[in-house]
S.K.: 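Have a look at this one.
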Amino acid sequence: MEGKTVLVTGSTGGIGKETARQLAAFGASVILVGRDKYRAEAAVTDLRHTSGSDDVTAITADMSRLRDVRRLAQEASGRAGGVVDVLINNAGATRSHREVTEDGMETAFAVNVAAPFCLTHWLMPALTASGQARVINITGGIPGGGSTSTTCRARSPISGCRSTTRPSWRRWR
């Protein structure tokens, strides 16, 4: 990963932060993305210390706001000299009640679907400039949701976790 630029959304904690830590340790130039400036700065400090790399920076952006996603694409491309080698769309959201963003979209849809699509689209010139760019979309369980590892036997990329004793993937064999 030496010399590669990697942008990781949702990287101030959890899987995103650990992914960023490992990529930094492998020599990548890592750009963290988080919606809280102080958590993002704390993650940068932590990753620089634990990965042994000083090439970790952060951009603050709320992935539920398309204007923030557009600004993120522009700022990341500028920082990376117009070349992004890897985009990891990891940010996710779920709400216990219906919530609508300033763009008029339901929040979970905005963060989990619209933001990764738009960010990838708006970063396409920087990704194409890489020559061999990769885009990785991560979906997971519901953060802080009601499912536990004992009740969650199969993952659904749309709804997070579904309680079942039979893995749902068997339907599609």
S.K.: Is L32 reachable from F26 through a run of hydrophobic residues whose side-chain heavy atoms are each under 4.5 Å from the next?
M.R.: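 In one cluster with F26: L32, yes.
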S.K.: Counting distance only, does the side-chain N/O of R79 pair as donor-acceptor with the main-chain N or O of A58 below 3.5 Å?
M.R.: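 Confirmed, R79 side chain pairs with A58 backbone.
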S.K.: Indicate if V6 and L127 have the same hydrophobic cluster label, given that clusters are the connected sets of ILVMFWY residues with side-chain heavy-atom separations under 4.5 angstrom.
M.R.: no
S.K.: Carefully, step by step, assess D55 and S53 under the rule side chain to side chain donor-acceptor pair (under 3.5 Å).
M.R.: CA-CA 5 Å; D55 203 0; S53 172; 5.6 Å; no
S.K.: With a 4.0 Å cut-off on N to O distance, would you call R21 and D46 a salt bridge?
M.R.: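 Here R21 pairs with D46 in a salt bridge, since their nearest N and O are under 4.0 Å apart.
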S.K.: Tell me whether F117 shares a hydrophobic cluster with I138, the cluster being built from Ile, Leu, Val, Met, Phe, Trp, Tyr side chains joined at under 4.5 Å.
M.R.: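 Different clusters: F117 never reaches I138 through Ile, Leu, Val, Met, Phe, Trp or Tyr contacts under 4.5 Å.
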S.K.: Would you say the side-chain atoms of T60 pair up with the backbone N or O of D36, donor to acceptor, closer than 3.5 Å?
M.R.: no
S.K.: How close do C118 and L66 get, counting heavy atoms only, and between which atoms?
M.R.: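 Minimum heavy-atom contact is SG-CD2, 4.0 Å.
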S.K.: Whether the side chain of D62 engages the backbone of S64 through a donor-acceptor N/O pair (distance < 3.5 Å, no angle test) should be reported.
M.R.: yes
S.K.: Around atom CZ of R39, are there more than 12 heavy atoms of other residues, nucleotides or ligands at under 6.0 Å?
M.R.: no
S.K.: Using the rule that two of Ile, Leu, Val, Met, Phe, Trp, Tyr join whenever any of their side-chain heavy atoms come within less than 4.5 Å, decide whether M63 and L123 are in one cluster.
M.R.: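 Yes; L123 is reachable from M63 via cluster members.
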S.K.: Any side-chain hydrogen bond (donor to acceptor under 3.5 Å, both in side chains) involving residues 114-127? Give me the pairs, sequence neighbours left out, ordered by first then second residue.
M.R.: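 Qualifying pairs: N89-T120.
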S.K.: Taking S130 for the side chain and A126 for the main chain, is one N or O donor matched with an acceptor at less than 3.5 Å?
M.R.: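 Here the side-chain-to-backbone pair does not exist.
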S.K.: Looking at T9 and A91, what are the two nearest heavy atoms and their distance?
M.R.: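 Of all heavy-atom pairs spanning T9 and A91, the closest is OG1-N, 2.9 Å.
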S.K.: For a 4.5 angstrom cut-off between non-hydrogen side-chain atoms, does E18 reach I15?
M.R.: no
S.K.: Of all the heavy-atom pairs spanning R71 and A61, show the shortest one and how long it is.
M.R.: NH2-CA, 3.7 Å
S.K.: From L72 CG over to R35 CZ, what is the distance, rounded to the nearest 0.5 angstrom?
M.R.: 14.0 Å
S.K.: Kindly write out the residues that satisfy salt bridge (Lys or Arg N to Asp or Glu O under 4.0 Å) with R95, not counting sequence neighbours, or none if the list is empty.
M.R.: E99
S.K.: For I88 and T19, which heavy atoms make the closest approach, and how far apart are they?
M.R.: CD1-CG2, 3.7 Å
S.K.: Measure the shortest side-chain to side-chain distance between V86 and M1 over non-hydrogen atoms and say whether it is less than 4.5 angstrom.
M.R.: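 Yes, side chains in contact.
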S.K.: Indicate the atoms forming the closest heavy-atom contact of L119 with A73, along with that distance.
M.R.: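 Residues L119 and A73, closest heavy atoms: CD1-CB, 3.9 Å.
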S.K.: To the nearest 0.5 angstrom, please state how far the CZ atom of R134 sits from the CG atom of L87.
M.R.: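 CG of L87 is found 13.0 Å from CZ of R134.
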S.K.: If you look at every heavy atom in A20 and L47, which pair is closest and at what distance?
M.R.: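 Heavy-atom minimum between the residues: CB-CD2, 3.5 Å.
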S.K.: Report whether I59 and V83 are members of the same hydrophobic cluster (ILVMFWY, side-chain heavy atoms less than 4.5 Å apart, transitive linking).
M.R.: no
S.K.: Is it true that a side-chain atom of S11 and a backbone atom of V33 form a donor plus acceptor pair closer than 3.5 Å?
M.R.: yes
S.K.: Taking Q132's backbone N and O only, do any of them form a donor-acceptor pair with D85's side chain (distance below 3.5 Å, no angle check)?
M.R.: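 Looks like no, no N/O pair under 3.5 Å.
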